[in-house]
Amino acid sequence: RELARLIYPSLVTDPGARSARIKNRGTYIAWVVFMLYALSIAVTTMALSLTGLELEEALILAIASLSTCGPLLPIASEGVMSYAALPDAAKAIAMAAMVLGRLETLALIAMLNAEFWRR
């Protein structure tokens with residue numbers, strides 16, 4: 001709808017109850033995606049902490065892995081950390097987090113949504 005308004009600025013739309021329902025549902029889905037991302041960061045940080053990394057290092061590595069932004073690790077940690085110096089268990093957790101970060105959360109929600117499969 002927003003793209004249509006950009007392409008056709010004089011487009012007249014009906015802002016009815018359906019529009020409000022879509023906005024409320026969109027807000028709910030955005031909240032779910034944010035909470036899943038925050039939960040993913042927390043779980044990944046906890047798992048990395050169990051491998052012997054300090055909390056700050058584990059948090060930086062978790063965010064770098066889940067956002068699939070590998071160069072963030074040496075930049076955010078002031079060049080102290082490197083992937084080569086990580087324990088093998090931490091590398092495995094980081095790899096799993098990178099795969100999870102590449103999967104889009106909305107695609108996972110849609111795939112697990114029973115309403116999607118009924119149509």
Side-chain angles (χ1 to χ4, degrees):
R1 192 177 87 186
E2 294 297 324
L3 286 175
R5 292 182 110 196
L6 286 173
I7 296 170
Y8 307 107
S10 61
L11 180 70
V12 177
T13 59
D14 179 28
R18 184 171 188 263
S19 176
R21 187 176 68 229
I22 289 173
K23 288 179 187 175
N24 288 339
R25 184 172 170 96
T27 305
Y28 176 73
I29 293 295
W31 177 251
V32 168
V33 168
F34 171 74
M35 289 309 294
L36 284 174
Y37 193 73
L39 184 67
S40 302
I41 289 174
V43 168
T44 306
T45 302
M46 188 173 15
L48 288 168
S49 296
L50 292 174
T51 64
L53 294 176
E54 292 188 23
L55 180 63
E56 182 181 356
E57 295 173 344
L59 185 61
I60 292 170
L61 183 59
I63 292 172
S65 298
L66 285 169
S67 64
T68 61
C69 183
L72 176 68
L73 187 63
I75 293 170
S77 64
E78 299 173 356
V80 179
M81 290 180 65
S82 71
Y83 287 105
L86 293 174
D88 290 338
K91 287 179 188 176
I93 292 169
M95 285 188 295
M98 287 177 192
V99 170
L100 181 67
R102 289 298 294 166
L103 294 174
E104 292 189 17
T105 309
L106 282 177
L108 280 174
I109 291 172
M111 186 176 74
L112 298 175
N113 189 0
E115 185 179 312
F116 175 75
W117 294 104
R118 288 185 190 140
R119 283 190 251 154

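Using a 4.5 Å cut-off between side-chain heavy atoms of Ile, Leu, Val, Met, Phe, Trp and Tyr, Leu39 falls into a hydrophobic cluster with Val43.
Taking both residues in full, the closest heavy atoms of Thr68 and Arg102 are given as CG2-CD, 3.4 Å, listed atom of the first, atom of the second, then distance. Thr44 approaches Ala62 most closely through the heavy-atom pair CG2-CB, 3.7 Å.
Leu100 and Tyr37 fall within the same hydrophobic cluster, defined by Ile, Leu, Val, Met, Phe, Trp and Tyr side-chain heavy atoms under 4.5 Å apart, directly or through other members.
The line from CG of Leu86 to CD1 of Ile93 is 10.5 Å long, rounded to the nearest 0.5 Å.
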Pairs under 3.5 angstrom only: tabulate donor-acceptor contacts from the side chains of residues 51-60 to other protein residues two or more places apart or in another chain.
| unit_1 | atom_1 | unit_2 | atom_2 | d |
| --- | --- | --- | --- | --- |
| Thr51 | OG1 | Leu48 | O | 2.5 |
| Glu57 | OE1 | Glu54 | N | 3.4 |

For a ring pair (Phe, Tyr, Trp, His ring centres under 6.0 Å) check, start with the C-alpha distance between Trp31 and Phe34, then their side-chain angles and the critical distance, and finish with the verdict. CA-CA 5 Å; Trp31 177 251; Phe34 171 74; 5.8 Å; yes
